[in-house]
Trainee: 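Can you keep this structure in mind? I'll have questions shortly.
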Amino acid sequence: MPKTMRAIVLTRPVAPDQLTVTDVPVPDVRPGWVRLRIKAFGVNESEVTSRQGESDPDFSFPRILGIEGVGIVDAAPDGSGLTPGQKVATMMGGMGRSYDGSYAEYTLVPVGQVIPFDTDLPWETVGALPEMFQTAYGSLTTGLGLRPGQTLLIRGGTSTVGLSAAALAKDMGATVLSTTRRADRTEVLREYGADHALVDDGELADRVRELCPGGVDAALELVGGPALPDTLRAVRPGGTVCFTGSLSGEWTIPDFSPFAVIPIGVRLTVYGGGATDLPAAVLDRQLRSIAAGRLKPAVAKVHHGLDQVPRAHIDLESGGAPGKHVVVLD
């Protein structure tokens, strides 16, 4: 076992090109924690926010970024049910924020945050999945209770969670309406499972009801506060809206009045879960669906090596191709 590893340690807010690789000690194993050898990880908006010094109080410097990762177990405590060499995924739960994350050759995470899996899919594919599939799946199930045959509106459909939610919902047997602000991306929405691709001009409820008289059964809100009132109007009485993300950056509604904003009979929930909301059996089913070609993961670009993390941040911030930017440690 080497004593040091390559990692990207953030000591202060920096520009993307100031994310540099350095040698640091390999983390020591301690009770209740598992050491993983990282094979791949996705790059996320929250990591950009942390790099810019704008994270919530749970983030602290110095920190190795990375809220998700896939790899193999390097060392695990007795009784954990995990064995060295086993393929696993991990995400969220303070990873890369209150303790060091996946922008490294090795990382240490709590046992309860590790999801075993077995697949022949390449690391670059599996590395895109943990955070976006966990968030999408948790929103559809815990947040919305989506059932086969129902209609789902996804507001903010070209985000990684939006594309993943469309693919998962379609695989679950739902009819999917998905939105984008750019007319040139409607075909992308259809490619990932949307039955109806809508260009979002801020007022969608009437157009949704033209397609689904009475309103949709469920809606996933990823745009945020400014879009929420209109999204609520697109849902039938007895239907549910789940507020999961805020691509607009606005998480609140000024002077919010429930009686004025929430239509009678429409339910409003939120979702912000963690690794435990993606059971191993569910991840296994998703991996099998990908291998069989029934489910398409949203991957924008694959970057090779820690040295390419700055490029991944730049590409993510540029808002180019929809999908996840994945870093593979070759």
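Fair warning: this is a prediction, and the values are worked out from it, not measured in the lab.
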Trainee: Please determine whether residues Phe117 and Tyr137 belong to a single hydrophobic cluster, defined as Ile, Leu, Val, Met, Phe, Trp and Tyr linked transitively by side-chain heavy-atom distances below 4.5 Å.
Mentor: yes
Trainee: Would you confirm whether Asp195, through its side chain, and Thr175, through its main-chain N or O, come within 3.5 Å as a donor-acceptor pair?
Mentor: no
Trainee: For a 4.5 angstrom cut-off between non-hydrogen side-chain atoms, does Val70 reach Thr90?
Mentor: no
Trainee: Looking only at atom types and distance, does a side-chain atom of Gln18 sit under 3.5 Å from a main-chain N or O of Ala15, one as donor and one as acceptor?
Mentor: yes
Trainee: If you group Ile, Leu, Val, Met, Phe, Trp and Tyr by side-chain heavy-atom gaps below 4.5 Å, do Ile72 and Leu121 land in one group?
Mentor: yes
Trainee: For Ser98, is there any backbone N or O sitting under 3.5 Å from a side-chain donor or acceptor partner on Asp58?
Mentor: no
Trainee: Should Phe256 and Ile262 be marked as a side chain to side chain contact (heavy atoms under 4.5 Å, CB included) after you check the CA-CA gap, both sets of side-chain angles, and the distance that decides it?
Mentor: CA-CA 10 Å; Phe256 176 77; Ile262 305 175; 4.1 Å; yes
Trainee: List the atom of Ser55, the atom of Ser50, and the distance in Å for their closest heavy-atom pair.
Mentor: OG-OG, 2.5 Å
Trainee: What is the distance from atom SG of Cys242 to atom CG of Leu146, rounded to the nearest 0.5 Å?
Mentor: 11.0 Å
Trainee: Are Thr179 and Leu153 side-chain neighbours, meaning at least one heavy-atom pair lies under 4.5 Å?
Mentor: yes
Trainee: Of Val9, Ile314, Ile8, which is the lone residue that meets side chain to side chain contact (heavy atoms under 4.5 Å, CB included) with Leu19?
Mentor: Ile8
Trainee: Please round to the nearest 0.5 Å and tell me the distance separating atom CD1 of Ile115 and atom CG of Leu278.
Mentor: 4.5 Å
Trainee: Using the side chain to side chain contact (heavy atoms under 4.5 Å, CB included) definition, which of the options Val270, Leu144, Thr269, Thr135 pairs with Thr244?
Mentor: Thr135
Trainee: So if you build clusters from Ile, Leu, Val, Met, Phe, Trp, Tyr with side-chain heavy-atom gaps below 4.5 Å, do Val327 and Met5 land together?
Mentor: yes
Trainee: Report yes or no: does Ser164 contribute a side-chain atom to a donor-acceptor pair with the main-chain N or O of Val161 at less than 3.5 Å?
Mentor: no
Trainee: Contact between Arg185 and Pro322 at the side-chain level, heavy atoms closer than 4.5 Å - yes or no?
Mentor: yes
Trainee: For the backbone of Thr11 and the side chain of Arg63, can you confirm whether one donor and one acceptor N or O come within less than 3.5 Å of each other?
Mentor: no
Trainee: Is Asp17 atom CG crowded by more than 12 heavy atoms from other residues, nucleotides or ligands, each under 6.0 Å away?
Mentor: yes
Trainee: Hey, quick one: are Leu140 and Val241 part of the same hydrophobic cluster, counting side-chain heavy atoms closer than 4.5 Å, chains of contacts allowed?
Mentor: no
Trainee: Within the structure provided, determine whether Glu124 and Val299 are in side-chain contact (heavy-atom separation under 4.5 Å).
Mentor: no
Trainee: Between Arg285 and Asp171, is there a side-chain N and carboxylate O pair less than 4.0 Å apart?
Mentor: no
Trainee: Please assess Gln86 against Val114 for the test side chain to side chain contact (heavy atoms under 4.5 Å, CB included), listing each intermediate value before the final yes or no.
Mentor: CA-CA 11 Å; Gln86 189 174 17; Val114 176; over 6 Å; no
Trainee: Between Gln113 and Met91, is there a donor-acceptor pair closer than 3.5 Å when you use the side chain of the first and the backbone of the second?
Mentor: yes
Trainee: Nearest 0.5 Å, please: how far is OH in Tyr192 from OG1 in Thr160?
Mentor: 10.5 Å
Trainee: Salt bridge or not between Asp23 and Arg6? Use side-chain N to carboxylate O under 4.0 Å.
Mentor: no
Trainee: Scan the side chains in residues 35-47 for donor-acceptor partners under 3.5 Å anywhere in the protein, sequence neighbours excluded, and list what turns up.
Mentor:
from	atom 1	to	atom 2	distance (Å)
Arg35	NE	Asp74	OD2	2.6
Arg35	NH1	Pro27	O	2.9
Arg35	NH2	Asp74	OD2	2.9
Asn44	OD1	Lys324	NZ	2.4
Asn44	ND2	Gly42	O	3.3
Asn44	ND2	Glu47	OE2	3.1
Asn44	ND2	Glu68	OE2	2.9
Glu47	OE1	Asn44	N	2.9
Glu47	OE1	Tyr103	OH	2.6
Glu47	OE2	Ile67	N	2.9

Trainee: Give the C-alpha distance, both sets of side-chain angles, the deciding distance and a yes or no for side chain to side chain contact (heavy atoms under 4.5 Å, CB included) between Phe133 and Leu287.
Mentor: CA-CA 11 Å; Phe133 266 26; Leu287 292 171; over 6 Å; no
Trainee: From Leu152 CG over to Leu177 CG, what is the distance, rounded to the nearest 0.5 angstrom?
Mentor: 8.0 Å
Trainee: Can you give me every donor-acceptor pair (side chain of residues 205-228, partner residue at least two apart or in another chain, under 3.5 Å) with its distance?
Mentor:
from	atom 1	to	atom 2	distance (Å)
Arg207	NH1	Val199	O	2.9
Arg207	NH2	Val199	O	3.0
Arg207	NH2	Asp201	OD1	3.1
Arg207	NH2	Glu203	O	3.4
Arg209	NE	Arg233	O	2.8
Arg209	NH1	Gly214	O	3.1
Arg209	NH2	Arg233	O	3.0
Arg209	NH2	Val235	O	3.2
Asp217	OD1	Arg236	NE	2.6
Asp217	OD1	Arg236	NH2	3.4
Asp217	OD2	Thr151	N	2.8
Asp217	OD2	Thr151	OG1	3.0
Glu221	OE1	Thr231	OG1	2.6
Glu221	OE2	Val223	N	2.8
Glu221	OE2	Gly224	N	3.1

Trainee: After noting the C-alpha distance and the side-chain angles of Glu131 and Met95, does the key distance pass the side chain to side chain contact (heavy atoms under 4.5 Å, CB included) rule?
Mentor: CA-CA 11 Å; Glu131 184 274 340; Met95 183 178 179; over 6 Å; no
Trainee: Between Thr107 (side chain only) and Gly101 (backbone N and O only), is there a donor and an acceptor less than 3.5 Å apart?
Mentor: yes
Trainee: What I'd like to find out is whether the side chain of Arg155 reaches to under 4.5 Å of the side chain of Phe243, using heavy atoms alone.
Mentor: no
Trainee: Grab the two heavy atoms, one from Val111 and one from Pro77, that are nearest each other, plus how far apart they are.
Mentor: CG2-CG, 3.7 Å
Trainee: Of all residues at least two apart in sequence or in a different chain, which pass the side-chain hydrogen bond (donor to acceptor under 3.5 Å, both in side chains) check with Thr22?
Mentor: none
Trainee: Please name the pair of heavy atoms, one in Pro16 and one in Pro310, separated by the smallest distance, quoted to 0.1 Å.
Mentor: O-CB, 3.2 Å
Trainee: Hey, is the main chain of Arg181 close enough, under 3.5 Å, to the side chain of Asp200 for a donor-acceptor pair?
Mentor: no
Trainee: Give me the atom names and distance for the closest heavy-atom approach of Ala136 to Ala165.
Mentor: CB-N, 3.7 Å
Trainee: Side chains of Thr180 and Thr186: does their closest heavy-atom pair fall under 4.5 Å?
Mentor: yes
Trainee: Please say which of Gln308, His313, Arg311, His325 ends up in a side chain to side chain donor-acceptor pair (under 3.5 Å) with His303.
Mentor: His325
Trainee: Leu306 versus Leu329: any side-chain heavy-atom pair under 4.5 Å?
Mentor: yes
Trainee: Is there a donor-acceptor pair under 3.5 Å between the side chain of Ser159 and the backbone N or O of Gly162?
Mentor: yes
Trainee: Drop me the distance from Tyr271's OH to Ser139's OG, to the nearest 0.5 angstrom.
Mentor: 6.5 Å
Trainee: Under a 4.5 Å cut-off applied to non-hydrogen side-chain atoms, are Pro116 and Leu82 in contact?
Mentor: yes
Trainee: Examine Val328 and Leu129 and state if one hydrophobic cluster contains both, with Ile, Leu, Val, Met, Phe, Trp and Tyr joined whenever side-chain heavy atoms are less than 4.5 Å apart.
Mentor: no
Trainee: Roughly how far, to the nearest 0.5 Å, is CG of Leu189 from OG of Ser178?
Mentor: 4.5 Å
